[in-house]
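Input: a single structure, listed below in structure tokens.
Computed over heavy atoms, backbone and side chain alike; hydrogens, waters and symmetry mates excluded.
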Amino acid sequence: MTTSYEVAVRAEAELGEGPTWDAATGRLLWIDILGSRLHTYDPATVRRSVRRTEQHIGAVKPRAGGGLVLNLRDGIGLLDPDGGFRWLHHEPVPGRRANDAAVAPDGTLWTGTMRYDEAPGGGTLSRVTGDGSVDVVLDDVAVSNGTGWSPDGRLMYYIDSPTRRIDVFDHADGRITGRRTLAEIEESAGFPDGLTVDAQGCVWVALWQGAAVRRYTPDGELDRVIELPVPLVTACAFGGADLSDLYITTARVGLTEPPALAGSLFVVPGAGNGLAHPPFAG
């Protein structure tokens with residue numbers, strides 16, 4: 001395994017986020033939340049595309065029937081294979097926007113929200129089924145961020161960034177119980193942001209204001225650190241044909257003198273062994 005990073009896509013994303021491997025197309029999906037842009041990157045051909053969205057976008061995931069599901073400012077949208085758009089769930093809330101999201105082993109979409117002013121308790125984590133039914137799972141969140149499941153699906157990991165914690169829940173039948181702390185991020189290391197879980201059950205977490213990605217074992221022990229040349233590291237996910245390459249998104253929002261690579265998409269080839277994620281069942 002290596003910890004040497006490469007620049008996959010040199011970009012100036014204001015708030016790059018949400019890398020997701022789309023196995024059906026062999027492309028990486030990622031977004032610029034505040035830039036309202038959906039990016040794709042094909043590592044085999046180095047081809048890229050950019051699509052502007054009509055409002056701020058918090059996450060994008062593949063759908064089982066083709067197309068994409070979008071976590072948007074005003075709700076959950078569906079982008080069909082022919083490029084058509086429609087709402088699956090429309091619920092505008094003044095002052096609130098979408099943030100990170102993840103697809104659970106059963107194909108449901110777990111979507112996060114937050115207030116633009118990051119007020120405590122202003123965000124939520126919800127479970128969305130393929131027919132558009134929405135169940136609010138957590139309703140006292142500030143900045144809903146990384147969400148992921150253990151290889152057997154029995155544990156769910158979750159980050160509410162201002163807490164500086166990676167929390168873990170027991171997960172069964174779409175419900176979570178027994179919240180406890182897996183690891184705490186010390187103040188000098190920044191804030192935990194997006195996360196991904198590998199085939200060994202280790203949790204990889206991006207550190208906002210921490211210029212790094214860390215890996216924690218299932219017991220909460222820190223065992224690897226990947227340092228990056230930019231401070232605002234937002235999320236990470238495994239991709240590539242064998243899911244061994246770790247893709248990392250970054251941001252430049254709020255930086256008065258952003259480093260040259262701030263907002264770019266990075267990759268660490270051969271970083272580990274990722275898990276295949278199901279598409280959204282909608």
Side-chain angles (χ1 to χ4, degrees), residues 1-33 35 37-51 57 59-62 68 100-103 145-148 190 192-200 202-216 223-253 255 258-277:
M1 294 188 293
T2 180
T3 55
S4 299
Y5 66 81
E6 299 175 3
V7 179
V9 177
R10 184 162 185 151
E12 294 185 351
E14 191 172 358
L15 185 51
E17 263 283 8
T20 298
W21 183 251
D22 185 350
T25 63
R27 300 181 305 176
L28 188 87
L29 310 171
W30 61 289
I31 58 166
D32 181 352
I33 294 178
R37 285 175 171 81
L38 164 60
H39 296 259
T40 70
Y41 169 66
D42 183 339
T45 63
V46 199
R47 291 178 179 170
R48 301 168 49 193
S49 71
V50 182
R51 175 175 177 143
I57 177 172
V60 57
K61 304 294 174 184
L68 304 171
D100 207 354
V103 179
N145 252 316
T147 307
D193 201 323
L195 68 77
T196 193
V197 182
D198 67 21
Q200 287 72 47
C202 295
V203 179
W204 300 69
V205 58
L207 297 180
W208 177 267
Q209 296 180 353
V213 171
R214 289 181 173 183
R215 186 178 81 164
Y216 289 88
D223 75 341
R224 290 185 67 188
V225 178
I226 298 172
E227 296 181 346
L228 294 158
V230 295
L232 305 182
V233 183
T234 58
C236 54
F238 283 96
D242 59 358
L243 297 177
S244 66
D245 302 330
L246 186 71
Y247 286 91
I248 304 166
T249 49
T250 66
R252 60 196 292 118
V253 60
L255 298 177
L261 294 174
S264 294
L265 174 71
F266 294 84
V267 61
V268 181
N273 300 300
L275 289 170
H277 296 287

Side-chain donor-acceptor contact under 3.5 Å, T40 with S49: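 On atom types as modelled, these side chains qualify, holding a pair under 3.5 Å.
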
Exercise for the section: Could you tell me the separation between the CZ atom of R215 and the CH2 atom of W204, rounded to the nearest 0.5 Å? Expected result: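 CH2 of W204 is found 5.0 Å from CZ of R215.
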
- Run the side-chain contact (heavy atoms from CB on, under 4.5 Å) check on L232 and R252 step by step: do they pass? CA-CA 7 Å; L232 305 182; R252 60 196 292 118; 5.8 Å; no

Exercise for the section: Give the intermediate values and the outcome of side-chain contact (heavy atoms from CB on, under 4.5 Å) for residues E17 and N145. Expected result: CA-CA 10 Å; E17 263 283 8; N145 252 316; 3.9 Å; yes

- Task: Using the side-chain contact (heavy atoms from CB on, under 4.5 Å) rule, take L15 and D32 through it: C-alpha gap first, then chi angles, then the decisive distance, then the call.
- Result: CA-CA 5 Å; L15 185 51; D32 181 352; 4.1 Å; yes

Is there a side-chain contact between [X] and [Y] (heavy atoms, below 4.5 Å)?
X	Y	value
P43	W21	yes
F266	V230	yes
L228	L261	no
I226	L246	yes
K61	T20	yes
D100	T147	no
S264	R10	yes

Task: With sequence neighbours excluded, residues passing salt bridge (Lys or Arg N to Asp or Glu O under 4.0 Å) with D245 - done: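 With neighbours one apart ignored, the set is empty.
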
In residues 236-244, what donor-acceptor pairs under 3.5 Å come from side-chain atoms, sequence neighbours left out?
from: D242; atom 1: OD1; to: S244; atom 2: N; distance (Å): 3.3
from: D242; atom 1: OD1; to: S244; atom 2: OG; distance (Å): 2.8
from: D242; atom 1: OD2; to: S244; atom 2: OG; distance (Å): 3.3

Would you please test L265 and H39 for side-chain contact (heavy atoms from CB on, under 4.5 Å) and show each step?
CA-CA 10 Å; L265 174 71; H39 296 259; over 6 Å; no

State which residues pass side-chain hydrogen bond (donor to acceptor under 3.5 Å, both in side chains) with R37; sequence neighbours excluded, sorted by chain then number.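 So R37 forms no side-chain hydrogen bond (donor to acceptor under 3.5 Å, both in side chains) with any residue.
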
